[in-house]
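FYI, side chains are in, hydrogens and waters are out, and symmetry mates aren't considered; it's all heavy atoms of this structure. Below, chain A is the first sequence line, B the second, and so on; all start at residue 1.
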Amino acid sequence: MTEIAKHFDPSSVEEKWYSYWEDKGYFYSTPDDREPYTIVIPPPNVTGILHMGHILNNTIQDVLIRKARLDGKNACWVPGTDHASIATEAKVVRKLREQGIKKSDLTREEYMEHAWAWKEEYGGIILQQLRKLGASCDWKRTAFTMDEPRTESVYKVFVDLYKKGKLYRGLRMVNWDPEAMTVLSNEEVLHAEENSHLYHVKYQIEGSDEYLTVATKRPETIMGDTAVAVHPDDEKYAHLKGKRVIVPLVNRSVPIIFDDYVDMEFGTGALKVTPAHDPNDYEIGKRHNLEVIDTINDNGTMSEAAQIHVGADRFAARKLVSKDLEAAGLLVKKEEYRSSIGRSERTNAVVEPKLSLQWYVDMKKIADPALKAVMDDEIVFHPKKYKTTYRVWMEGIRDWCISRQLWWGQRVPAWYYEDKVYVAETAEEALQQAQADDPALTMDDLKQDEDVLDTWFSSWLWPLSTFHGFQGSKEIEYYYPTNALVTGWDIIFFWVARMIMSGYEWAPTLVPEKESYPFKHVYFTGMVRDKQKRKMSKSLGNSPDALKLIADYGADGVRYGMLSCSPAGGDLLFDEKLVETGKNFCNKIWNALRLVKSFQLEDKPSSKVDELAIVWFENKFLQIVELVEKEMAQFRLSEALTSLYSFIWGDFCSWYLEIVKPEYGGTLSKATYEKTVDIFEQLMIVLHPYMPFITEEVWSSLKERAEGADCIVSTFPKTAAYDVELIKQVESLTNLVTSIRDLRNKNGMGMKEAVDLKVEKSDSSDSLFSLNGAGEMVTKMANISSLESIAPNTELSNGISFLSGNDKYVALIDKEIDVEAEKENIQKEIDYQIGFLKSVEKKLSNERFVGNAPEAVVANERKKLADGQDRLRILEENLANLM
RNA sequence: GAGAGUGUAGCUCAGUUGGUUUAGAGCAUUACCUUGACAGGGUAGGGGUCGGGGGUUCGAAUCCCUCCACUCUCACCA
């Protein structure tokens with residue numbers, strides 16, 4: 001026998017098996033006759049590195065994929081990365097700045113060269129890291145949201161939507177990020193309450209000494225005021241009808257207008273109107289034909305139009321204007337005020353409302369089928385509660401601003417000539433369109449839109465574009481729709497909802513024979529938090545280094561730890577302790593292998609005990625397989641893994657192996673050994689999706705195998721009927737063994753001290769011990785010296801009586817019995833039984849219960865009563881014997 | 001402002017259409033055992049009136065109402 005190391009060493013086997021699997025092509029999928037099982041990865045940022053969220057997310061996907069593979073399906077997990085327009089651009093700009101290069105000094109082409117170089121250098125690191133986790137992705141299919149097929153898809157979709165009138169260019173109030181200098185979608189703005197001030201400012205009424213006081217959070221926008229508004233029903237201001245006020249500091253005369261929007265109760269009931277820098281003011285401005293004066297530059301500094309403090313940052317300007325107002329005696333008061341501030345998700349800059357011309361998708365025109373699909377469970381959300389979240393958002397859906405003032409991304413496929421717009425997949429097509437209007441036009445006359453598209457405008461096509469759906473590939477007909485999507489709930493609107501909409505928008509034409517939804521199930525994972533429930537973040541430094549974790553505990557240990565604390569959709573509190581449990585579990589399995597391999601074999605028939613252990617375990621195994629299948633079908637992976645953990649640690653290691661284990665120096669029958677290897681092997685298959693490396697390693701160590709007969713491609717056991725009675729009877733035996741161990745414990749006896757066990761004759765004890773091997777099993781496991789059946793109420797000296805199930809046992813021990821302690825124990829049990837019987841009797845004496853409850857429930861209560869009475873009687877006898 | 005969710009053992013959570021021995025698991029804790037797979041092991045124990053109150057029901061952790069506490073999402077009045 002070859003020497004097996006005492007501890008499992010993950011590092012030595014993980015790399016070996018991963019490259020073996022890859023070499024064998026087990027991860028690769030091509031369409032064939034089998035049923036497909038498809039998952040597309042939520043593409044991580046191309047320049048990102050593996051963090052805990054990725055570990056969670058990708059472990060779950062790998063479990064699903066490996067299970068499908070074992071189920072004989074054609075499993076295909078498509079990996080890829082996202083170009084992450086704004087995030088990557090921010091990183092590239094920062095790096096260039098560090099090198100002393102300003103983005104504004106570069107041409108678009110030069111900049112893109114730098115960006116691609118960055119992508120080549122850092123891009124894909126995360127995909128290497130996923131391999132360390134054991135992710136069985138089909139790497140040949142690796143996609144990138146900005147590669148050629150995906151870019152082509154984006155252009156096709158843009159043109160298609162434009163032609164269908166579902167995409168337009170419009171002048172609107174947008175969310176402007178002055179730091180990234182781009183517009184943001186509503187979803188990219190995060191609102192939170194922050195401390196600020198409310199300034200009360202006096203505006204002089206033109207041609208009068210009277211003043212009107214308005215309240216504002218943003219005095220720096222005063223220079224852009226083009227009206228002051230009050231409520232039409234507000235009596236305090238009724239006399240101002242037709243009057244005008246002088247805007248402080250810039251001395252502009254503006255009208256006093258009357259508008260329902262104004263809340264009479266808030267502040268002074270008078271509102272300064274700045275149509276250029278507030279969405280509501282903009283609406284008011286439209287209603288009253290007000291001038292729009294944009295006083296803030298794209299970078300957040302005051303523009304020429306502001307007249308004063310030109311060039312100062314908006315927050316500096318706020319202080320300056322406040323001082324100016326105070327100096328002019330126009331600042332009535334400045335009070336503390338708490339209000340919600342919108343910040344850019346990426347740069348954290350305070351978002352500036354701004355009037356701008358951008359491209360939008362008209363979401364109301366594509367939302368309906370996507371909403372219906374989820375409401376009707378055509379697409380199933382796990383957990384269900386996100387259906388409501390989804391519904392509310394979809395019902396109130398607003399148009400999606402898709403253009404961004406960045407360079408890293410897909411450039412908007414629109415070309416302009418004077419006031420005409422030509423939307424086309426290529427410049428040539430755009431020119432053709434233009435020439436239809438004016439044949440004299442050349443390419444030089446057309447100017448392409450400077451903006452790029454939102455990253456999500458490429459990733460929302462992911463389930464279609466990864467299979468080259470827009471290129472007319474046959475593959476999509478095989479793989480679409482995908483089976484499951486596994487992602488965090490935080491991107492339900494950014495990504496999940498939009499993918500569903502894109503599925504229903506294009507699948508009907510791209511794959512008309514297939515269902516249109518992009519995925520059947522959506523498994524929303526929670527956010528990974530630390531033990532103190534804080535979000536894991538770089539700045540807090542509370543996020544463990546994912547790779548170090550894998551190096552320290554092994555990929556299987558990390559996968560175990562991550563899964564065992566991850567209820568679907570609920571946030572999960574990550575604790576390194578759990579990963580340690582996973583590592584210990586590997587070690588336990590490893591030592592079970594060591595034990596099995598250490599058995600000395602002999603060609604002899606299996607013993608009765610062995611036979612009982614084997615038949616019991618085989619039945620119990622089927623029960624667990626059924627449970628695991630059920631749990632996995634409901635995406636309760638954490639529960640399935642826990643079931644397997646206790647089954648392997650408890651039933652297999654603590655019971656099965658201990659039962660068949662030969663005495664020290666003894667031998668095991670070859671037949672039992674072979675059965676044990678079969679059992680062990682089956683356990684490795686069911687555990688494989690969760691812990692792929694150790695299972696493959698153990699599998700390969702258990703016996704010699706034919707080329708290609710590997711655990712990863714074996715067959716998951718089928719569910720089948722099992723003998724529930726047998727399982728129960730063995731459970732009675734293990735309970736009996738436990739009772740005897742407890743008895744030894746309580747009497748300070750070691751495992752080796754002699755115990756003679758007597759069992760009182762009864763129908764149930766007869767039945768239990770007529771089970772082949774039952775007596776031998778108890779004898780071996782509880783290490784008793786003899787086992788005998790006795791007639792009820794036999795007098796025995798120095799015996800301790802106890803109950804197991806409903807049967808009375810007496811243990812004769814060669815030791816002084818602590819009578820008082822024993823009495824106390826029995827009395828405690830008696831008290832419990834009395835309490836128990838009371839509750840049962842109460843139920844049974846209630847006529848309405850007996851009359852109304854289902855017969856089975858009543859019968860069960862009667863059995864509970866009878867059993868309880870039996871037990872109470874025995875306990876009382878036992879107590880009496882001690883007196 | 002609107003909506004959703006949560007509250008069960010010291011901690012993290014199960015508890016699947018209301019009924020299966022007067023509530024379960026893991027971790028933590030306590031006692032003991034342990035030179036023959038594993039001290040990262042084993043055996044056993046203690047610990048909860050299921051957030052409070054009310055209701056429906058023969059029967060409620062589970063359904064309804066109400067209150068309390070916390071979390072999240074969306075929308076926002078200067």
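- The shortest distance between the side-chain N/O atoms of A:T738 and the OP1/OP2 oxygens of B:rA44 is below 4.0 Å.
- Side chain of A:W489, nearest nucleotide from B:rA4, B:rU73, B:rA37: B:rU73.
- Side-chain proximity of A:F849 to B:rG5, B:rU20, B:rG19: nearest is B:rG19.
- Of all nucleotides listed (B:rG41, B:rA44, B:rU43), B:rG41 comes nearest to the side chain of A:N584.
- Within the structure, every side-chain polar atom (N or O) of A:K217 is placed at least 4.0 Å from both OP1 and OP2 of B:rC76.
- Residue A:R744 has no polar side-chain atom (N or O) positioned under 4.0 Å from OP1 or OP2 of B:rG42.
- A:V596 comes within contact range of no nucleotide atom at all, as no heavy-atom separation falls under 4.0 Å.
- B:rG53 and B:rC32 have their C1' atoms separated by 46 Å, given to the nearest Å.
- Between A:V778 and A:I740, some side-chain heavy-atom pair lies under the 4.5 Å cut-off.
- Applying the 3.5 Å distance criterion, the base of B:rU20 shares no donor-acceptor pair with the side chain of A:N860.
- At a threshold of 4.0 angstrom between heavy atoms, the contacts of A:K630 with the nucleic acid are absent.
- For A:W649, whose side chain is taken as the heavy atoms from C-beta onward, the closest listed nucleotide among B:rG41, B:rG5, B:rA37 is B:rG41.
- One N or O on the side chain of A:H277 and one on the backbone of A:T295 form a donor-acceptor pair closer than 3.5 Å.
- Comment: A:E841 does not engage A:K838 in a salt bridge, judged by the lack of any side-chain N to carboxylate O separation of less than 4.0 angstrom.
- Here the nucleotide nearest the side chain of A:K588, chosen from B:rU12, B:rG3, B:rC38, is B:rC38.
- Residue A:K577 places at least one side-chain N or O closer than 4.0 Å to OP1 or OP2 of B:rA28.
- Ionic pairing of A:E187 and A:R398 is not present here: no N-O contact between side-chain nitrogen and carboxylate oxygen is shorter than 4.0 angstrom.
- Under 4.0 angstrom from either OP1 or OP2 of B:rC58 there lies at least one side-chain N or O belonging to A:N852.
- Within the structure, every side-chain polar atom (N or O) of A:W393 is placed at least 4.0 Å from both OP1 and OP2 of B:rA75.
- The closest side-chain donor-acceptor pair between A:N806 and A:D867 falls under 3.5 angstrom.
- Between A:E861 and A:K843, at least one side-chain nitrogen of the basic residue sits less than 4.0 Å from a carboxylate oxygen of the acidic one, meeting the salt-bridge criterion.
- Using a 4.0 Å heavy-atom criterion, one finds that A:Y337 contacts the sugar-phosphate atoms exclusively.
- The shortest distance between the side-chain N/O atoms of A:R398 and the OP1/OP2 oxygens of B:rA75 is below 4.0 Å.
- Among B:rA4, B:rU43, B:rC58, the nucleotide with an atom closest to any side-chain atom of A:N745 is B:rU43.
- For A:R848, the listed nucleotide lying nearest its side chain is B:rC58; candidates were B:rG15, B:rC58, B:rA44.
- Applying the 3.5 Å distance criterion, the base of B:rU21 shares a donor-acceptor pair with the side chain of A:R871.
- Rounded to whole angstrom, the span from the OH atom of A:Y645 across to the C1' atom of B:rG40 amounts to 10 Å.
- The side-chain tip of A:K202 points at the ring of A:Y211 from less than 6.0 angstrom away and within 45° of straight on.
- A:E658 contributes a side-chain N or O that forms a donor-acceptor pair with the base of B:rA37 under 3.5 Å.
- A salt bridge does not link A:K828 with A:E824: none of the charged nitrogens is closer than 4.0 Å to a carboxylate oxygen.
- For the OP1/OP2 pair of B:rA37 and a distance below 4.0 Å, the side-chain nitrogens and oxygens of A:K661 include at least one atom meeting the criterion.
- Across all strands shown, A:N587 has heavy atoms under 4.0 Å from base atoms, whether or not it also approaches the sugar-phosphate.
- Checking B:rA37, B:rG5, B:rC58 against the side-chain heavy atoms of A:A853 singles out B:rC58 as nearest.
- Checking B:rC74, B:rC38, B:rA44 against the side-chain heavy atoms of A:F493 singles out B:rC74 as nearest.
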Secondary structure of RNA chain B in dot-bracket form (Watson-Crick or G-U wobble, distances below 3.5 Å, | marking inter-strand pairs):
(((((((..((((.....[....)))).(((((.......))))).....(((((..]....))))))))))))....
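- Of the candidates B:rA37, B:rC58, B:rA44, the closest approach to any side-chain atom of A:N846 belongs to B:rC58.
- A salt bridge links A:E220 with A:R318: the distance from a Lys NZ or Arg NE/NH1/NH2 to an Asp or Glu carboxylate oxygen falls below 4.0 Å.
- For A:H191 and B:rA75, the ring-to-base geometry does not satisfy the stacking test (centroid distance below 5.5 Å, interplanar angle below 30°).
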